[in-house]
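Inspection log for the structure reproduced underneath, given as structure tokens.
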Amino acid sequence: MLNVVERELELKLVLSPERSIPVPARLSYRTADPYAVHITFHIGSEAPVHWTFARELLVEGVFRPCGHGDVRIWPTKIDERNVICVALTSPDGNALLEVPSAAVAAWVERTLRVVAPGTETERLGLDEALAELLAPLPADDLWLSDPWSSDESPSQDGEL
């Protein structure tokens with residue numbers, strides 16, 4: 001079974017309306033983390049920059065503006081190209097990125113085929129983990145049994 005869906009692509013970091021620079025990036029989706037998508041930006045620093053946000057946000061952002069706060073996504077057309085704009089906000093600064101719509105839409109479609117919407121919780125194994133957590137252990141038998149059953153029964157003459 002496929003556990004990771006990845007896609008390398010080049011984004012554009014928008015510096016001004018007239019200027020942008022290419023940024024290599026990797027989109028990652030892991031079935032072990034079914035609600036999230038991960039983007040790793042390779043910006044030429046010692047360590048890449050990682051962002052994680054809801055897959056649902058990217059799914060919706062392919063079609064219409066969505067998000068608020070740290071991550072906002074919307075489709076648009078720039079110079080006759082269909083792109084998806086991704087606005088990221090952090091304490092370290094803000095970034096506006098342009099991502100090719102076709103590449104993102106195809107990648108999102110692959111993630112949806114691997115884990116269909118509405119089936120994410122099945123991937124988390126919550127039922128199994130909860131059953132294991134609540135399963136009685138041998139020592140629990142002491143607590144589940146009647147603590148008074150091992151006491152001697154009262155004497156026949158009514159004395160304790």
Which pair of non-hydrogen atoms, one from [X] and one from [Y], has the smallest distance, and what is that distance?
X    : Y   : value
F41  : I39 : CZ-CG2, 3.3 Å
Y29  : P34 : OH-O, 2.8 Å
T111 : R55 : O-NH1, 3.0 Å
G61  : P75 : O-CD, 3.2 Å
T89  : G69 : OG1-O, 4.1 Å
I73  : F53 : CD1-CE1, 3.8 Å

Consider only side-chain heavy atoms of I, L, V, M, F, W and Y, link residues closer than 4.5 Å, and tell whether [X] and [Y] are in one cluster.
X    : Y   : answer
W74  : L88 : no
L112 : F63 : yes
I21  : V99 : yes
V23  : V86 : yes
L57  : I84 : yes

So do the side chains of V83 and T76 get within less than 4.5 Å of each other, counting heavy atoms only?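 Of all side-chain heavy-atom pairs linking T76 with V83, at least one is under 4.5 Å.
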Mind checking salt bridge (charged side-chain N to carboxylate O under 4.0 Å, His left out) for [X] and listing every partner two or more places apart, or none if nothing turns up?
X    : answer
E109 : R113
E10  : none
R19  : none
R30  : none

Kindly determine whether W107 and L58 satisfy side chain to side chain contact (heavy atoms under 4.5 Å, CB included), including the steps that lead there. CA-CA 10 Å; W107 180 80; L58 192 55; 3.7 Å; yes
Run the side chain to side chain contact (heavy atoms under 4.5 Å, CB included) test against [X] and tell me which residues pass, sequence neighbours left out.
X    : value
S90  : W51, D92
E6   : V4, R26, S28
A105 : V62
A103 : R7, P100

Going through the distances and angles, do S20 and L15 end up as a side chain to side chain contact (heavy atoms under 4.5 Å, CB included)? CA-CA 5 Å; S20 62; L15 302 175; 5.7 Å; no
Among pairs that include at least one residue of residues 57-66, which meet salt bridge (Lys or Arg N to Asp or Glu O under 4.0 Å), considering only residues two or more places apart or in two chains? none
Salt bridge (Lys or Arg N to Asp or Glu O under 4.0 Å): pairs with one or both residues in residues 73-82, sequence neighbours excluded: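 Residue pairs with at least one partner in residues 73-82: R81-E98.
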What's the spacing between L96 CG and K12 NZ if we round to 0.5 Å? 12.5 Å
Return the set of residues passing side chain to side chain donor-acceptor pair (under 3.5 Å) with R72 (not counting sequence neighbours), or none when no residue passes. none
Set of residues satisfying side chain to side chain donor-acceptor pair (under 3.5 Å) with respect to H50, sequence neighbours excluded: T40
Take V37 and L27 through the test side chain to side chain contact (heavy atoms under 4.5 Å, CB included) and record every step on the way to the result. CA-CA 7 Å; V37 294; L27 294 171; over 6 Å; no
Can L9 and L11 be said to form a side chain to side chain contact (heavy atoms under 4.5 Å, CB included), step by step? CA-CA 6 Å; L9 62 132; L11 314 177; 3.2 Å; yes
